[in-house]
Chemist: 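Just dropping this structure here.
Below, chain A is the first sequence line, B the second, and so on; all start at residue 1.
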Amino acid sequence: MKIAVTSTGPSIDSPVDERFGRARYIIIYDTLSKTFETLDNETNLNMAQGAGIQTAGNMAEKKVELILTGRVGPKAAEALNKAGIKYVENASGTCRSAIEKQQTA
Amino acid sequence: MLNKITAPLKIAVASGKGGTGKTSVAVNMAAAAATALSFLDCDAEAPNAHLFFQKSSGFQADNPDEFFDGVEEFYVTVPEFNEALCNGCGFCKTVCKFNAITMILNKPLFFSELCHSCDACLKVCSMGAIKAAKKMTGKIRRKKIGGNIALTDGILNVSEAKSPPLIKKIVKKDSGPSLTIIDAPPGTSCPLVAAVYSADYIILVTEPTPFGFSDLKLAVETARQLKVRFGVVINKYDGDFGEIKKYCETENIKIIGIIPFDIQMARVYSGGGIIVDEMPHTRELFLKILENAVSEAVK
Amino acid sequence: MKQIAVISGKGGTGKTSITAAFIQSAKSVMAADCDVDAANLHLLIEPISGRTAPKAFMSGYDAIVDKSRCISCGKCIPVCVFEAIARDETDNKVKTNHLLCEGCGACVTICRANAIRLVEKQAGESFLSNTRFGPMMHAKLYAGEGSSGKLVSEIKKQACDIARSENSNFIILDGPPGTGCPVIATLTGANRAVVVIEPSVSGVHDAKRAIELCKHFKVPVCIIINKYDINLKMTENIEKFAMENKISVIGKIAFDKIFIEAMKKRMTVIEYDKNSAAAKSLIDAWDNLKKSMA
């Protein structure tokens with residue numbers, strides 16, 4: 001399964017970015033291969049409006065199944081629900097610790 | 001002189017700062033005019049003019065809409081997607097500069113609160129999967145006040161973000177054959193532009209305070225951008241703040257009226273009354289402002 | 001960290017003077033002026049120095065016609081729902097009006113001659129300043145521009161980042177008048193809205209719309225009645241309305257010229273005369289607000 005974490009930096013050891021749509025980076029971790037991929041979210045970060053829903057669209061395209069982030073806005077939440085992607089809010093610490101915490105939970 | 005206006009003439013009343021007395025000036029000018037005119041309340045986020053006309057006509061009811069002769073629903077165009085016809089090409093998403101459309105699992109997902117009703121998506125869909133639908137964002141209300149004033153106001157639905165389409169429609173449809181007074185929204189951005197864009201003259205109402213002065217300068221900048229002629233009315237004047245007069249002089253801006261600070265006027269206003277009716281000696285003052293604006297506009 | 005938005009519906013009810021007094025009282029605070037059309041907070045809380053260079057606010061696009069390519073077909077004219085395209089009578093080609101253009105790009109899509117393109121435009125600037133009460137975000141939207149809501153969101157985003165990194169107890173927002181997009185942007189994410197009402201027929205009418213908006217966005221509301229003694233009967237009605245709707249009235253402030261006097265000296269009312277009745281009501285209002293959020 002693919003887990004995405006919003007991140008302030010490009011590495012899996014970067015702190016979690018509390019914002020979803022306007023996160024600086026998104027780390028996508030594959031629980032099967034235990035590898036991660038970094039998505040530069042700068043285009044969405046600088047968007048006038050609708051950053052959340054566009055980021056949600058990208059998550060669907062990447063076949064992400066679970067998102068760990070600080071807070072998901074109502075429009076992004078609607079888009080994620082439509083795409084059948086689950087999300088957990090109030091993630092903190094580094095992306096790695098957030099993923100580990102999620103997996104043990 | 002107002003009776004001599006035979007062609008459409010639009011006088012807008014605006015100010016950068018809210019609460020300087022735009023609506024007061026507009027309503028009292030209209031009440032003082034004694035000539036047929038159209039009154040457009042374009043402050044669609046907070047329309048107030050009707051409250052004053054309402055009180056003067058003794059109207060009381062729970063539903064303010066009942067005061068009006070007619071209430072028309074106002075709609076904007078939004079796209080409606082037919083998923084069965086959609087081939088998932090995503091061109092609608094690409095073309096939407098407002099990010100109101102995203103593709104989820106190859107199907108468009110639309111967020112009307114982000115939509116600017118530009119129709120671009122409707123025009124690019126080669127599958128005919130998008131058709132124009134309507135969304136009600138406000139109301140246009142009309143009322144004949146006494147023998148002379150044709151009042152129109154726009155009221156945006158609460159939680160709706162964009163007033164300019166509603167304002168544009170009112171200005172376009174309800175401007176009269178002779179004199180029209182437009183009560184504009186505060187600020188200097190798109191709602192104001194929508195209200196005053198086609199005006200012949202703008203009365204900028206300010207007050208002699210640092211806030212009033214600062215916002216007057218912004219309003220002047222905006223009026224100049226729009227290339228509409230304008231003059232200034234200083235409201236609540238207590239002779240205490242010289243900067244506005246000095247500024248107008250150096251900038252070559254005409255002061256077309258000064259309304260003294262008067263606690264009695266403030267009380268009448270607060271009770272929703274029309275000042276020129278309750279304090280008849282003020283009629284001349286408001287009439288003169290309107291006449292000054294008209295003669296500047298036709299110059 | 002609590003985010004407080006001060007709004008009113010109607011303009012000129014005293015939002016900014018009240019906000020400034022709250023910012024002074026809050027101590028650990030990040031301030032932001034969300035009235036980007038007609039910003040005034042910086043007149044009371046003057047920036048001492050810029051923390052960072054002014055930031056360009058890029059907002060949407062403008063359609064630009066390359067006349068050497070335009071073939072005068074005029075197809076773009078009816079396509080523009082904003083009526084921003086017209087024929088230039090001097091050469092029969094088309095021209096765009098940047099005051100009306102919303103940058104949707106419908107004309108670009110329809111133009112077979114590739115004569116129209118969209119260019120990103122700067123619609124304002126935002127500033128992060130140091131003030132005598134701490135950091136403040138403020139901005140200037142250029143005259144006649146749209147998208148004030150987006151600029152507000154941008155200011156707020158930065159304000160939140162700073163408040164978080166500096167561990168501020170409060171973010172206090174001076175809101176714009178009305179109920180439209182900049183007000184919605186101001187309310188988004190706020191923990192509390194303070195609606196400033198003046199007891200006038202129009203003040204009450206507009207405040208009720210502002211309260212309805214807060215309810216829609218599920219932001220808890222409280223009320224301050226400013227200039228309450230201008231119309232005691234109406235003040236009574238407001239209090240009754242508040243009671244019926246379970247909204248607390250955190251303060252009642254009498255009409256007082258001290259507000260303008262303080263403004264002329266570029267001070268908050270509390271700084272101008274902390275023993276004045278107005279200053280006392282403002283301090284009480286802040287204490288009530290703080291308690292109600294604890």
Side-chain angles (χ1 to χ4, degrees), chain A residues 1-6 17-26 28 30 37 39-89, chain B residues 45 76-122 124-125 129-130 133 135 137 156-165 187 189-191 193:
Chain A
M1 153 164 117
K2 281 184 174 176
I3 304 178
V5 198
T6 51
D17 197 326
E18 290 181 29
R19 300 166 302 187
F20 172 67
R22 295 183 192 280
R24 183 62 190 80
Y25 295 94
I26 294 165
I28 301 175
D30 190 326
E37 159 191 18
L39 218 67
D40 191 333
N41 198 42
E42 197 176 0
T43 356
N44 287 343
L45 172 65
N46 293 325
M47 236 166 216
Q49 54 174 27
I53 61 173
Q54 298 306 336
T55 306
N58 292 349
M59 294 298 96
E61 218 165 276
K62 291 276 176 191
K63 307 229 171 346
V64 166
E65 287 169 67
L66 175 69
I67 291 165
L68 310 177
T69 185
R71 204 182 145 264
V72 176
K75 290 196 284 289
E78 193 185 328
L80 290 174
N81 288 339
K82 174 114 183 192
I85 301 172
K86 293 192 178 66
Y87 60 88
V88 178
E89 294 183 304
Chain B
E45 294 176 34
V76 293
T77 309
V78 291
E80 194 176 86
F81 296 84
N82 183 340
E83 282 198 6
L85 295 176
C86 172
N87 65 353
C89 74
F91 199 25
C92 53
K93 173 195 146 142
T94 317
V95 87
C96 180
K97 290 286 173 282
F98 309 106
N99 294 312
I101 305 169
T102 188
M103 297 299 288
I104 298 284
L105 310 173
N106 283 331
K107 294 289 167 198
L109 182 61
F110 171 68
F111 291 86
S112 68
E113 55 272 55
L114 300 178
C115 176
H116 280 223
S117 303
C118 73
D119 294 359
C121 55
L122 297 166
V124 301
C125 181
I130 311 179
K135 180 187 175 196
T137 64
L156 190 71
N157 290 348
V158 169
S159 85
E160 202 55 62
K162 287 179 282 291
S163 57
S189 62
C190 43
V193 173

Chemist: With only heavy atoms counted, which part of B:Phe111 is less than 4.5 Å from chain A, the side chain, the backbone, both or neither?
Modeler: side chain

Chemist: Give me the contact list for residues 73-83 of chain A versus chain B, heavy atoms only, anything under 4.5 Å, ordered by residue number.
Modeler: A:Lys75, A:Glu78, A:Ala79, A:Lys82, A:Ala83

Chemist: Checking an interface table here. Which of residues 101-109 of chain B come within a heavy-atom distance under 4.5 Å of chain A?
Modeler: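 If one takes a 4.5 Å heavy-atom cut-off, the residues of residues 101-109 of chain B near chain A are B:Ile101, B:Thr102, B:Met103, B:Ile104, B:Leu105, B:Leu109.
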
